[in-house]
Amino acid sequence: MILTRLAPGSLPDDTQLLAQALLGCVLVRDSDDGLTAGRIVETEAYLSNDPACHAYRGRSERNATLFGPPHRSYVYQIYGRSFCFNVSSEADGEGAGVLVRALEPLEGLDVMRRRRGVQATRDLCRGPGRLCQALAIDRSLDGVDLFADRSLWLAASIGRRARVRRSRRIGISVAAHRRLRFYEAGNPYLSGPVRLSPA
DNA sequence: AGGATGATCGTCT
DNA sequence: GACGATCATCCTC
């Protein structure tokens, strides 16, 4: 499979546009274990001035990447066990980002199976914590430039152009009504229900 | 220094 | 559908 790096400047800074543009792009992880990669099929936008966004209460050591330049990797740990991967958005100084919630596994499936401890392809990258485990993404990859890094980077979209649908976001209690989750219609590797609130 | 919280996951019913 | 694990992070004292 041919994976072509996304050219710098080829993604929008705007958080909602970025969340949609990322659908269909490929997230690539190169490590000692080999290459693992998946097609992004589900994202969520976390805006500046959004009570659900980690940046909402100001800059801290954890969320500093959100306030930096766009298109860097923001990785944080949740519930003591899982990591979540985001792409920073908006201009330098503004805190916002896009959570990647699910990938369609493309490359290195056996490595993913070993890391995840499960066999079913559908369970490898379906969910923000699962995809980080499958791609061995942790806090050491926080802040890397996704156009330039050699361990974690984005490749141009492959296959069909994603038919984008939207719904409310999953797993949050504040600002939960906002329809800021984006996903590819009909894709079998989505993390959550296809129909949440009026779509 | 201590307590509350969480952009989840796996297991059980 | 519901529940509890588990700990980094943040906030308050």
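Here is the naming used below: chain letters follow the sequence lines, and residue numbers restart at 1 for every chain.
- Partner assigned to C/dT6 is none, using Watson-Crick or G-U wobble distances below 3.5 angstrom.
- Rounded to a whole Å, the OH atom of A/Y46 is 7 Å from the P atom of B/dA7.
- Note: CZ (A/R57) to P (B/dG6) measures 9 Å, nearest angstrom.
- Applying the 3.5 Å distance criterion, the base of B/dA7 shares a donor-acceptor pair with the side chain of A/Y76.
- Rounded to an integer number of Å, the gap from CZ of A/F83 to C1' of B/dC9 is 14 Å.
- Residue A/R139 has its side chain nearest to C/dT9 when only C/dC10, C/dT9, B/dT8 are considered.
- In this structure, A/R62 is positioned above the aromatic face of A/Y76, its NZ or CZ under 6.0 Å from the six-membered ring centre and within 45° of the axis.
- The distance between atom CG of A/L66 and atom C1' of C/dC10, rounded to the nearest whole Å, is 15 Å.
- Rounded to a whole Å, the CZ atom of A/R169 is 12 Å from the P atom of B/dT8.
- Geometrically, A/R72 does not engage A/Y74 in a cation-pi contact, judged by NZ or CZ lying under 6.0 Å from the ring centre and within 45° of the ring axis.
- Where A/Q77 and A/G127 meet DNA chain B, the nucleotide closest to each residue was compared, and A/Q77 sits on the side nearer the 5' end.
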side-chain hydrogen bond (donor to acceptor under 3.5 Å, both in side chains) assessment of A/S167 paired with A/R181: CA-CA 5 Å; A/S167 76; A/R181 169 177 174 248; 3.0 Å; yes
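- Rounded to an integer number of Å, the gap from A/D138 CG to C/dA8 P is 13 Å.
- With a cut-off of 3.5 Å on both Watson-Crick or G-U wobble distances, the partner of B/dA7 is given as none.
- Following rounding to the nearest Å, A/R81 (CZ) and C/dG4 (P) show an atom-to-atom distance of 14 Å.
- For the pair A/N63 CG and B/dA7 P, the computed distance is 12 Å after rounding to whole Å.
- Comparing B/dC9, C/dC10, C/dA5 by their closest approach to the side chain of A/R62 singles out C/dC10.
- Residue A/R116 is in sugar-phosphate contact alone, with no base atom involved, counting any heavy-atom pair closer than 4.0 Å across all strands shown.
- Of the two residues contacting DNA chain C, namely A/S60 and A/G80, the nearest-nucleotide position lying further toward the 5' end is that of A/G80.
- Because its NZ or CZ atom is both nearer than 6.0 Å to the ring centre of A/Y46 and within 45° of the ring axis, A/R169 counts as a cation-pi partner of that residue.
- Put simply, the side chain of A/Q20 never gets that close to the backbone of A/F182: no donor and acceptor are under 3.5 Å apart.
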